[in-house]
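First the structure, in the form of structure tokens, and then the observations on it.
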Amino acid sequence: MNTTKVFSNMLAATRAGRLDSERLRRIVECKTVSEAFKMLGDYGYNYAEGASVDGFIVGETDRLIEFVTESCASRKLCEALLARFKYNNAKLAYKSRFVDVPSDGYYKTELDVKSIVDGEYSELDKYMAEAMTALDEQNTDKPQEIDIALTRAMYKHVLSLKDQLVKKYFTAEIDMKNILTAARMKRLAIDGDMFIAGGKVHFDALEESVKADGFAEYFEHTPYAEYAEDIEKNELKELWRAERDIDDYLFYLTDSAVTSYTSDKPFLNYYTQTLIELKTVKTALVCIKTDSRDTFYKRIPRIYQ
């Protein structure tokens with residue numbers, strides 16, 4: 001298994017690092033999106049003539065999915081890393097019963113979306129099937145309710161795999177997303193059952209942070225104290241910064257062990273870096289399209305700064 005992991009990690013290393021701050025600067029300074037696409041092609045990305053920005057990102061994400069499927073040495077890690085894409089497709093398929101959804105929004109996964117549209121859940125994983133059955137019983141067509149129900153189910157599924165590295169990574173993601181949700185609720189002065197189970201930050205602390213005058217104090221004895229302090233310092237404004245910081249945190253969570261080629265950490269680090277990379281490329285392309293390049297430099301992830 002160790003040899004397999006070494007090979008898997010070496011494959012990931014050959015694909016990593018397509019972007020750095022200088023390449024990003026060159027892309028953003030392109031006059032048109034078409035010119036930027038050509039430059040991205042020079043950096044190792046695939047581009048089909050006529051593809052939209054969203055279509056391009058979905059295509060690159062499909063390449064990541066294919067690589068993880070074929071190259072990940074750990075079955076549990078592979079299943080965990082692909083879960084977000086399968087559950088994205090599940091959300092779209094369920095919503096398509098009520099509204100039109102973009103056909104190019106689906107990723108290439110093994111999930112049979114037609115069965116979801118038809119209300120047939122026997123081939124789905126336990127947690128996805130339970131969530132959809134509950135949504136059917138509630139007779140809801142509200143996108144937000146569908147999203148939160150299936151997001152919760154996804155994390156239940158991932159944590160049920162009982163892999164220590166997966167647990168550490170996704171528990172941190174849950175905690176930080178819950179803190180960000182608490183900040184949004186506090187800013188908008190709303191209540192609701194919006195948090196995701198599975199993290200280490202207690203719901204009591206999250207709920208109190210929404211109601212109290214302070215915010216960061218409820219997380220000062222957690223690994224996310226600095227994260228919460230940054231949100232509070234910014235007066236709960238521009239919460240896109242907090243979303244960006246979740247990505248950076250998860251990247252650095254595995255970065256310290258990227259040379260440990262007998263573990264799964266380098267592969268997980270590559271996966272995280274690629275997700276950040278694709279978000280960053282999409283932001284760059286949108287900024288070119290809308291002629292708002294200055295905005296990009298404010299939003300650039302810290303790993304590229």
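FYI, side chains are in, hydrogens and waters are out, and symmetry mates aren't considered; it's all heavy atoms of this structure. Note that the coordinates shown come from a computational prediction; the quantities given were computed from them, not determined experimentally.
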Q | Electrostatic pair Asp54:Lys282 at N-O distance under 4.0 angstrom | A | yes

Do the non-hydrogen side-chain atoms of Arg15 and Gln273 ever get within less than 4.5 Å of each other? no

Between the side chains of Arg241 and Asp245, is the shortest nitrogen-to-carboxylate-oxygen separation below 4.0 Å, so that they form an ion pair? no

Will you find, in the side chains of Glu277 and Tyr45, an N or O donor that is under 3.5 Å from an N or O acceptor? yes

Walk me through whether Glu35 and Lys38 qualify under salt bridge (charged side-chain N to carboxylate O under 4.0 Å, His left out).
CA-CA 5 Å; Glu35 184 180 324; Lys38 291 177 182 177; over 6 Å; no

Quiz item: Under 3.5 Å, is there a donor-acceptor pair linking the side chains of Ser292 and Thr290?
Solution: yes

Between Tyr169 and the options Thr272, Asp163, Asp264, Thr254, the side chain to side chain donor-acceptor pair (under 3.5 Å) test singles out Thr272

- Message: Looking only at side-chain N and O atoms, does Tyr224 offer a donor or acceptor that is under 3.5 Å from a partner on Asp175?
- Response: yes

For residues 91-121, the ring-ring contact (aromatic ring centres under 6.0 Å, His included) pairs (sequence neighbours left out) are Phe85-Tyr107, Tyr94-Phe98

Exercise. Should Glu226 and Tyr249 count as side-chain neighbours, where that means a heavy-atom distance under 4.5 Å?
Worked result: no

Sidechain N-carboxylate O distance under 4.0 Å for Asp147, Lys95: yes

ask   = Do Arg97 and Asp136 sit within salt-bridge range, that is, some charged N less than 4.0 Å from a carboxylate O?
value = yes

- Less than 4.0 Å between a side-chain N and a carboxylate O, is that true for Arg299 and Asp294? no

Any Lys/Arg nitrogen of Arg63 or Glu60 sitting under 4.0 Å from an Asp/Glu carboxylate oxygen of the other?
yes

*asked:* Centre-to-centre under 6.0 Å for Phe67 and Tyr270, is that the case here?
replied: yes

Residues pairing under side chain to side chain donor-acceptor pair (under 3.5 Å) where one sits in residues 201-221, two or more places apart or in two chains, turn out to be none

Quiz item: With a 4.5 Å limit on heavy-atom distance, are the side chains of His157 and Met128 in contact?
Solution: no

| field | Under 3.5 Å side-chain donor-acceptor pair for Lys91 and Thr151 | value | yes

Stepwise ring-ring contact (aromatic ring centres under 6.0 Å, His included) check, Tyr47 with Phe37: CA-CA 7 Å; Tyr47 171 63; Phe37 276 140; 4.2 Å; yes

